[in-house]
Number of protein chains: 2
Amino acid sequence: MAKPLDPSRLEPRKSPAQARSAATVGVILEAAARILEERGFEAYTTNEIARRAGVGVGSLYQYFPRKEAITRALIQRETAILLNEIADLGAEPSGRAGLRRLIQAAVMHQLRRPALARLLDFEERRLPLDADVANVSDTICSILEDLLGRPDLPAQSDPATVARDLLALTKGMVDSAGERGETAMESLERRVGRAVFGYLQMQLDEIAQAASFFKK
Amino acid sequence: MAKPLDPSRLEPRKSPAQARSAATVGVILEAAARILEERGFEAYTTNEIARRAGVGVGSLYQYFPRKEAITRALIQRETAILLNEIADLGAEPSGRAGLRRLIQAAVMHQLRRPALARLLDFEERRLPLDADVANVSDTICSILEDLLGRPDLPAQSDPATVARDLLALTKGMVDSAGERGETAMESLERRVGRAVFGYLQMQLDEIAQAASFFKK
DNA sequence: CTAGAATGTGAGCAATCGCTCACATCCGAT
DNA sequence: ATCGGATGTGAGCGATTGCTCACATTCTAG
């Protein structure tokens, strides 16, 4: 007996068996991405995506059972690049070097397609998260938490909170820079580094630390 | 002859002349706010807002010429509180104290109604901005830039960029905290302070600074 | 070559949206 | 009390949306 079709599935209805269909899927996803970053959610409709991709709506719905599935696929596609770059960061012995690489990856990720990254990030929170694919933020946080334990970084009393703070702070800065059209990666990397390492350093009595500005 | 009605106006069609109508406007705005923070943009429709407010759609359209006008009014209502609290910050002689007050105001603003603040902030960027009402971010940035010039803070080579970075970084952290359901204002304030003052301090050679962790 | 599976199409359905308008009700000035 | 403006109502219009389905086209196995 055939496995009954679960109408709530988000996976493609058919896995592309011929090269032709795989290309179609790619074209659809890229069309969706361009619409999203050029005209935002307002123009992000299934009909418009199909039109821009140069395919019929029917083709679209052969590979994506619902509009939401396209968005999910987009999120996965964009996220995979980032996750791949930071996957081996757990093996990094130096906390500082690891943090730098993490920052660089975050900056690259956001500055590559700023508008797209921002909108997908927004949608990611709204969509019911898949149980199988863990949240990207959580993954990064655990890597971060790991790096914070390295001996070359000041010990943190609440690493989990620090990790979330650093991630949030980086996201905010990188997002803002991308929105303003910044393209200079090194400058942004340096500034994010200032905030991140500044946060890590500034854990003693802040007032005493601040007073030391004068004495130097 | 009567002034011709500009159909693109966003102001109320009628200014409430009786107490009754002023109340209606309030009820509509609060209904819109609650729908937004409880069910997001998906349920944010004019029909639903009117239903929840307990009024007819017609009443809604007597005071708001288009749906967008409701959102704008919401943004103004929520923003006014924040702007009012930081308006006198330019007179603050101490940069540190000013920054602290600014951080506190930002934390309060976001933690009061986290989901609402987040969604309105998102919409604010999408909506064509009124020429008369300047962007909130720009206002805060100029205040920030002003504070950065105070003698008790380390001089910054590019105050405008620093101001934007601090704002973005704060927004990111406060946003994330609000989304996670944090309610402890002092803790969040302290952590944002760490990032902000850490960023300001960390402007010399970062590596040298970091090395000093060990020597202490 | 050919049959059947894989792939592609787009008119159009049901639902929903923002918004209008003809009309009812309420209130304050006289 | 009465009249006119201010306020409130909701059925429903035109447009748009996500999505289906009957059908056409293309590819591959035998």
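Every chain is numbered from 1, with letters handed out A, B, ... down the list of sequences.
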Could you list all N or O pairs between the protein and nucleotides 21-30 of chain D that sit under 3.5 Å apart?
none

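C:dG8 atom C1' lies 15 Å from atom CZ of A:Phe64, rounded to whole Å. Going from atom CD of A:Glu68 over to atom C1' of D:dG18 covers 13 Å, rounded to whole Å. In this structure, the CD1 atom of A:Ile70 is 9 Å from the P atom of D:dG18, given to the nearest Å. Remark: P of C:dG10 and CD of A:Gln62 are 14 Å apart, rounded to the nearest angstrom. The separation between B:Ile49 atom CD1 and C:dC17 atom P is 11 Å, rounded to whole Å. In this entry the distance linking OH of B:Tyr63 with C1' of D:dT9 reads 13 Å, nearest Å. The nearest whole Å value for the distance from the CZ atom in A:Arg51 to the P atom in C:dT9 is 14 Å. Atom C1' of nucleotide D:dT7 and atom CD1 of B:Ile28 are separated by 11 Å, given to the nearest angstrom.
Counting only distance, with no hydrogens or angles, the side chain of A:Arg77 and the backbone of A:Gly26 share no donor-acceptor pair below 3.5 Å. Side chain of A:Arg150 to main chain of A:Glu92: a donor-acceptor pair is present (N/O by atom type, distance under 3.5 Å, no hydrogens or angles).
The stretch residues 29-47 of chain B comes close to DNA chain C through B:Tyr44, B:Thr45, B:Thr46, B:Asn47, each having a heavy atom under 4.0 Å from the strand.
The listed nucleotides are C:dT7, D:dG8, C:dC19; the one nearest the side chain of B:Lys67 is C:dC19.
With respect to B:Glu30 and B:Arg113, a salt bridge is recorded, a charged nitrogen being found less than 4.0 Å from a carboxylate O. Taking 4.0 Å as the cut-off between side-chain N and carboxylate O, A:Arg194 and B:Asp165 do not count as a salt-bridged pair. Taking the charged nitrogens against the carboxylate oxygens, A:Glu123 and A:Lys67 have no contact shorter than 4.0 Å, which rules out a salt bridge. At a threshold of 4.0 Å, the pair A:Arg52-A:Glu48 does not count as salt-bridged, since none of the basic side-chain nitrogens sits closer than that to a carboxylate oxygen.
In this structure, A:Leu74 and A:Ala32 approach most closely via the heavy-atom pair CD1-CB, 3.9 Å.
Below 30°, between 30° and 60°, or above 60°: for B:Phe41 and B:Phe122 the angle between ring planes is between 30° and 60°, a tilted geometry.
Taking 4.0 angstrom as the limit, A:Thr24 places a side-chain polar atom (N or O) nearer than this to OP1 or OP2 of C:dG8.
Note on residues 172-187 of chain A: pairs passing side chain to side chain donor-acceptor pair (under 3.5 Å), not counting sequence neighbours, are A:Gln110-A:Asp175, A:Glu179-B:Arg125, A:Glu182-A:Arg191, A:Ser187-A:Arg191.
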